[in-house]
Amino acid sequence: MVLGIGGLTGKKWHSRRALQAAEMLDEVVDSQLPLVTELSEESRRRSAEYLSELVMLAQDYRHFAAGWIDQAELERRGNATVARLEVLSKHRSPARLTEQD
């Protein structure tokens, strides 16, 4: 029997860490949702896309914790999420100045 931190086996330890990561991502999304309603339509859409990527990544961590995907697949999905977030950040429209600015 291989023991990890706190006496948990390696697999249980990884599952616990994955669930903690999923919970952290959920907290980030939950804290940002109330702010989205105060944004312009375009900014709301872009923010919703970012947040949906985080929700899907949290679900991937839960799938890993449940044993439905392995660590390599979790890493592949995480890298794909980061790549999509980078594309989203590059495609945002430049700030628009108004007469009040």
task: Please answer whether the main-chain N or O of Leu39 pairs with a side-chain N or O of Arg44 as donor and acceptor at a distance below 3.5 Å.
output: yes

query: Roughly how far, to the nearest 0.5 Å, is CG of Leu51 from CD of Gln32?
result: 6.5 Å

Distance-only criterion, 3.5 Å: show the donor-acceptor pairs between side-chain atoms of residues 52-60 and protein atoms not counting sequence neighbours.
| unit_1 | atom_1 | unit_2 | atom_2 | d |
| --- | --- | --- | --- | --- |
| Ser52 | OG | Ala48 | O | 3.3 |
| Ser52 | OG | Glu49 | O | 2.8 |
| Glu53 | OE1 | Arg84 | NE | 2.8 |
| Glu53 | OE1 | Arg84 | NH2 | 3.0 |
| Glu53 | OE2 | Arg84 | NE | 3.1 |
| Gln59 | NE2 | His63 | NE2 | 3.0 |
| Asp60 | OD1 | Arg77 | NH1 | 3.0 |

query: How long is the span from the NE2 atom in His14 to the CG atom in Asp70, to the nearest 0.5 Å?
result: 12.0 Å

Interatomic spacing from CD in Glu23 to CG in Asp26 - rounded to 0.5 Å: 7.5 Å

- request: Mind listing the closest non-hydrogen atom pair of Leu74 and Phe64 along with its distance?
  value: CD2-CG, 3.7 Å

query: Ignoring hydrogens and geometry, is there a side-chain-to-backbone donor-acceptor pair from Tyr50 to Ser89 under 3.5 Å?
result: yes

message: Counting only heavy atoms not in Tyr61 (residues, nucleotides, ligands), do more than 12 fall under 6.0 Å from its OH?
response: no

message: Within this structure, what is the CD-OG distance for the pair Glu42 and Ser47, rounded to the nearest 0.5 Å?
response: 10.5 Å

query: Are any non-hydrogen side-chain atoms of Met24 and Gln20 less than 4.5 angstrom apart?
result: no

- prompt: Are Val36 and Leu88 in one and the same hydrophobic cluster, where Ile, Leu, Val, Met, Phe, Trp and Tyr link if side-chain heavy atoms are under 4.5 Å apart?
  reply: yes

